[in-house]
Amino acid sequence: MRSGDVRVFAAHGYVDEGYRPSRVPFLSVVGPLGLFSEPERENGRTGVATVRVPGHVVGKPRAPVDSVPPNGSLMLRLDGRATVTLTGLPGGSFASTATGPSVTAAINAKLADALSGGLFQEPSGAPLTDPLMLEALGAVAARWDVEGGRLAISSDPGIASMAFRSSVEVLPVAGSIAGPLGLEPPERSQEGRTFLSRIRAPKAMAIDVQVDVWAGSQGDLASIMDTVALSIPTRGNMVLRPSLLAEDVTDGATAVRLLTLGEPTTLLSLAHLESSDASLERARGGRVDLAPGASFLPDSGGLRLSGTGTASVLVYPMPAVADPFHADNPAPDGLALSLGLRVAAGAVAGQTLPVAVLMAQAQPVLRLIVRYEQVGTRLMGEVVATATLARSSGKQVAETRWRLPAERLEAGVALHARLEAGEGVVWLSADGAPQPLQDAEATPSPPVAAPGITVAASDMVLTLGDPAGTPLDFTVDHLHLVAEPVGPLDPALRRSVTAASRLRPGDVVVLGASEDGFRVGKQRFQALVLGVDGDRVTLSKPVEGAWPRGRTLVFQEECFFFQTQLRRRDDLLNHLYRCCVDYRVSALMDEPNARTTARLVEKPQVDPVARGASRGASGHPGTSVTEVDTARRGTI
């Protein structure tokens, strides 16, 4: 939580009236103090989702005495239609733990080569050319069960609209190693199935909670209460299990990507980058221009800059058509820049690492660099933050220096620079903790103040790296420029978003438009989770409408609240000022363990009984069979 220039610490509090926080300002949530059902409120609806399990074969466990001959072959028939022969497979003894994984890797490589080389065949022997079938075969995979010591081969889940059969069959072929692999016969063989995931209706419940706000002065308490009144009004709603999009979602998409770590984009965000933003920034969808030497790492590893590589973003562009609401200076009172920085090892004293600079009309608004110097026996990276401010007598430069151990920069640190124009000071924080101004080693000289107004303007450019080159490679996993001198976020906030790995098939997913990052607008789309693959969530139906990553909240459910009581409980003896706010939260409570699954019939099996034969005692009671040729309407 941020309250002006004050960072408010937050935690789950205690019901004990004697509890006192170890630091202020402090906000705690105490509860639930009461939990009871709401019979006057309608419970939520039940939900269903289909989950497809692919056809597969699982081999028998392999013992250390078992082995596979080298240069073996394996013939498979997939989905009852596509046939392929894999040759040149490696062998070895299963006494070695590397044999199973190496054979599995070879099978996967041969399957990929067969798919790209057009080696899959129809039952007639003709090459397989069906594009839908070929696309589905890309999901065929072999996996080695380390714990069970066995091989499993799974097919694609099948395409329901095409009535494809999802199955894996092992066929005989010269030099086959199906037997040594435990696949002839397999321990288990099963065709693909579709399961129906049912979700019970949640129960309408009311929860009583208490919010305690602690401060060390009356002024701080008043400032925090103003923030609480704006962000947590007396009546409102909030979302449960919030998530953030990792990329824009287009109309008709069947899957969404979610951030593992992240923070919301606010109305005051001038530029916002997360590790997954490969070409667009989140605040306004602007383009990220990369110079050679700069690249987004795969698997959301962040933005890597080396050599002369730079990444630049246009900030607060001038509108093409004159807009009376477009201010000449978007942040006259100051601004804040936070970024996650990780520097490569190998730094030596005397090196200077240019990290970021915000330029407006050929003059730096805010600049961050790291200078390495030897302090005693330790190599320190001195973070130098400078800002240009204007006043009637001219322009001045404010400067703040903070020494951090080089190993801390190598491990990764979240830097935050807050420019207070009125004070003319750049305040620094690392991982949410402010700079220790009383530590002579970390802060050898106090910040240089230069009161005035920021020189921010339209068409600013934020650049990471330096065209002249950087002596060390560094990675930025997130960046957030805000048009207000706000303090750092609690580092726990970035970890609090609901990642895709926490979702399960059948969970509700709602996309909601949000301008400020925490309140949801009227435009919404709801679906169920069908499957999760990494950070990608497959939905039960196509998405309706377009959803930009920076202006969308993903959540599961909403709950409503209203304030019931507000009171002061000051502790003047300890110079602590406390305000308690009681709320009643109305929510629909889900029970994750209440989900059940039911198998759907994809392929009926009919066991004919000869005419006149008597039905055994195992037949279903209360049923009878009538010959078709003697039946009359209404008798069955």
Side-chain angles (χ1 to χ4, degrees), residues 51-121 123 128 133-159 164-195 505 531-534 599 602-603:
V51 181
R52 301 185 68 86
V53 178
H56 57 270
V57 292
V58 179
K60 296 178 180 178
R62 299 290 85 191
V65 296
D66 296 326
S67 62
V68 179
N71 199 28
S73 300
L74 193 64
M75 188 174 183
L76 302 174
R77 181 163 59 204
L78 303 165
D79 300 348
R81 177 178 173 186
T83 305
V84 64
T85 302
L86 312 179
T87 59
L89 296 174
S93 172
F94 288 103
S96 171
T97 57
T99 300
S102 65
V103 174
T104 304
I107 292 175
N108 284 323
K110 294 289 184 180
L111 287 170
D113 293 342
L115 186 61
S116 60
L119 301 182
F120 281 94
Q121 297 179 343
L128 181 67
M133 189 70 178
L134 292 173
E135 180 182 0
L137 290 174
V140 178
R143 291 180 176 83
W144 179 255
D145 180 8
V146 177
E147 185 177 13
R150 53 189 179 179
L151 175 69
I153 303 177
S154 60
S155 181
D156 57 275
I159 302 177
F164 282 175
R165 172 189 175 191
S166 176
S167 63
V168 178
E169 301 171 81
V170 180
L171 304 180
V173 67
S176 176
I177 58 173
L181 288 177
L183 299 175
E184 197 178 66
E187 182 181 65
R188 185 171 72 250
S189 177
Q190 180 177 310
E191 291 190 358
R193 291 289 185 269
T194 298
F195 290 85
V532 178
D533 183 10
R599 180 175 296 183
E602 277 193 337
K603 184 179 179 182

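Given the structure is predicted, the values throughout are model-derived calculations rather than measurements.
Here the closest non-hydrogen pair linking Pro61 and Gly148 is CB-O, 3.5 Å. The minimum heavy-atom distance between Gly88 and Asn71, with the atom names listed, is CA-OD1, 3.2 Å. In terms of heavy atoms, Glu191 sits closest to Ser167 at CG-CB, 4.0 Å. Summarising the geometry of Val168 relative to Val57, their closest heavy-atom pair is O-CG1, 3.3 Å, with the distance given to 0.1 Å. The shortest non-hydrogen separation linking Leu128 to Ala82 is CD2-CB, 3.8 Å. Minimum heavy-atom separation, Val84 to Leu119: CG2-O, 4.5 Å.
Every residue meeting the side chain to side chain contact (heavy atoms under 4.5 Å, CB included) condition with Ala139, not counting sequence neighbours, appears here in chain and number order: Asp156, Pro157. Residues satisfying the side chain to side chain contact (heavy atoms under 4.5 Å, CB included) criterion with Leu115, sequence neighbours excluded, are Phe120, Leu134, Leu137. Considering only residues two or more places apart in sequence or on other chains, Pro123 meets the side chain to side chain contact (heavy atoms under 4.5 Å, CB included) condition with Arg81. Listed by chain and number, the residues in a side-chain hydrogen bond (donor to acceptor under 3.5 Å, both in side chains) with Arg150 are Asp145, Glu187 (sequence neighbours excluded). Asp113 pairs by the salt bridge (Lys or Arg N to Asp or Glu O under 4.0 Å) definition with nothing, not counting sequence neighbours. Thr87 is linked by a side chain to side chain contact (heavy atoms under 4.5 Å, CB included) to Ser73, Thr85, counting only residues two or more places apart in sequence or in another chain.
Evaluation of the ring pair (Phe, Tyr, Trp, His ring centres under 6.0 Å) test over residues 58-77, restricted to residues two or more places apart or in two chains, returns none. Screening residues 66-85 for ring pair (Phe, Tyr, Trp, His ring centres under 6.0 Å), with sequence neighbours left out, gives no hits. Sorted by first and then second residue, the side chain to side chain donor-acceptor pair (under 3.5 Å) pairs involving residues 169-181 (not counting sequence neighbours) are Arg77-Glu169. The ring pair (Phe, Tyr, Trp, His ring centres under 6.0 Å) analysis of residues 58-107, with sequence neighbours excluded, yields the pairs Phe94-Trp144. Within the structure, ring pair (Phe, Tyr, Trp, His ring centres under 6.0 Å) contacts touching residues 62-90 (residues at least two apart or in different chains) do not occur. Annotation: side chain to side chain donor-acceptor pair (under 3.5 Å) contacts involving residues 56-70, sequence neighbours excluded, are absent.
A donor-acceptor contact shorter than 3.5 Å links the side chain of Thr99 to the backbone of Ser93. A distance-only check finds a donor-acceptor pair linking the side chain of Ser166 to the backbone of Gly55 [under 3.5 Å].
Between Leu151 and Ile107 there is a side-chain heavy-atom pair separated by less than 4.5 Å. By the 4.5 Å heavy-atom criterion applied to side chains, Pro186 and Val58 are not counted as neighbours.
From Leu111, atom CG reaches atom CD1 of Ile153 across 7.5 Å, with rounding to the nearest 0.5 Å. Atoms OG and CG, from Ser155 and Leu78 in turn, are 5.0 Å apart once rounded to the nearest 0.5 Å.
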* To do: Please lay out, stage by stage, how Val170 and Leu76 fare under the test side chain to side chain contact (heavy atoms under 4.5 Å, CB included).
  => CA-CA 5 Å; Val170 180; Leu76 302 174; 4.0 Å; yes
